[in-house]
Amino acid sequence: AQTVTQSQPEMSVQEAETVTLSCTYDTSESDYYLFWYKQPPSRQMILVIRQEAYKQQNATENRFSVNFQKAAKSFSLKISDSQLGDAAMYFCAYRGYGGSQGNLIFGKGTKLSVKP
Amino acid sequence: DTGVSQNPRHKITKRGQNVTFRCDPISEHNRLYWYRQTLGQGPEFLTYFQNEAQLEKSRLLSDRFSAERPKGSFSTLEIQRTEQGDSAMYLCASSTQSGPYYNEQFFGPGTRLTVL
């Protein structure tokens, strides 16, 4: 069975600085998707960034980028120029590649605080 | 608002009562997912539908839980004979298998269930 591990329950960053959130996963599949989701307090979960395992290039979305190390099964999220609005729970998630693979497997999350 | 909606947003019930939650997905989305999120944890998959067919159910979905998606539109999740351990946030998500957001899951705001 696939598992996702986030070893940092809480992280803190100064506004305008850079922070990296860690995620490792375990799977025997060769093709899959990885995601980072953001869940602000009392608000719904939104997708931050996604990575297809068959792509070697790391995904980037504005201030958010990932460091995908397939052999190490590592998928970290880097947030540059942190803003107060980045404060939230961040979840790393895995999904299989096949057409019948529907569900996401989530880590336990990392609570990010941003200090002004 | 054309996002995923869930009702009610909050539900308080006594142990042993039955409760039903509703999820309305984004209109053109053919897949609908249910997840459960307990405090301090990431969401855990419960079940998902493709159109009206329930394609996968987690072992977490005990006999007291049932989900339906009549006509492939909205979905309901019913919990019979609720237990205190059922207290959690119940999240719904939907996705489409076409277009630029292929298989991206969009989440609703959740229904928070408290069992006294």
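The sequence lines fix the lettering, A, B, ..., with proteins before strands; numbering per chain opens at 1. Below, all heavy atoms of this structure are taken into account, side chains as well, without hydrogens, waters or symmetry copies.
Atom NZ of A/K111 is surrounded by 12 or fewer heavy atoms from other residues, nucleotides or ligands within 6.0 Å. Within 6.0 Å of CG in B/L39 there are 12 or fewer heavy atoms belonging to other residues, nucleotides or ligands. For B/L55, the CG atom counts as densely surrounded, since its 6.0 Å shell holds more than 12 non-hydrogen atoms of other residues, nucleotides or ligands.
For chain B, the nearby parts of A/L104 are the backbone and the side chain; heavy atoms of each come within less than 4.5 Å. Heavy-atom distances place no part of A/F35 under 4.5 Å from chain B, backbone and side chain included. Proximity to chain A is limited to the side chain of B/L91, based on heavy atoms less than 4.5 angstrom apart. Heavy-atom distances place the side chain of B/Q37, and not its backbone, under 4.5 Å from chain A. Of the two parts of B/F106, neither the backbone nor the side chain holds a non-hydrogen atom closer than 4.5 Å to a non-hydrogen atom of chain A. Heavy atoms of A/Q39 lying under 4.5 Å from chain B belong exclusively to its side chain.
In this structure, CG in A/N103 is found 10.0 Å from CZ in B/R31, a value given to the nearest 0.5 Å. From B/T38, atom OG1 reaches atom NZ of A/K108 across 9.0 Å, with rounding to the nearest 0.5 Å. The distance from atom CD of B/E44 to atom CD1 of A/I105, rounded to the nearest 0.5 Å, is 11.0 Å.
Hydrophobic clustering keeps A/F75 apart from A/Y37 (ILVMFWY residues linked when any side-chain heavy atoms are closer than 4.5 Å, directly or through intermediates). A continuous path of Ile, Leu, Val, Met, Phe, Trp and Tyr side chains, each step under 4.5 Å between heavy atoms, connects A/W36 with A/V114, placing both in one hydrophobic cluster. Under the 4.5 Å side-chain heavy-atom criterion for ILVMFWY residues, no single connected hydrophobic cluster contains both B/L32 and B/F74. A/V13 and A/L84 fall within a single hydrophobic cluster, where Ile, Leu, Val, Met, Phe, Trp and Tyr side chains are chained together by heavy-atom contacts under 4.5 Å. Residue A/L21 is not grouped with residue A/M89 when hydrophobic side chains (ILVMFWY) are merged at heavy-atom distances under 4.5 angstrom, including chains of intermediate members.
Listed for the A/R95 side chain is a donor-acceptor partner under 3.5 Å among the backbone atoms of B/N103. Listed for the A/Q44 side chain is no donor-acceptor partner under 3.5 Å among the backbone atoms of B/G108.
Between B/F45 and A/F106, the ring centre distance reaches or exceeds 6.0 Å.
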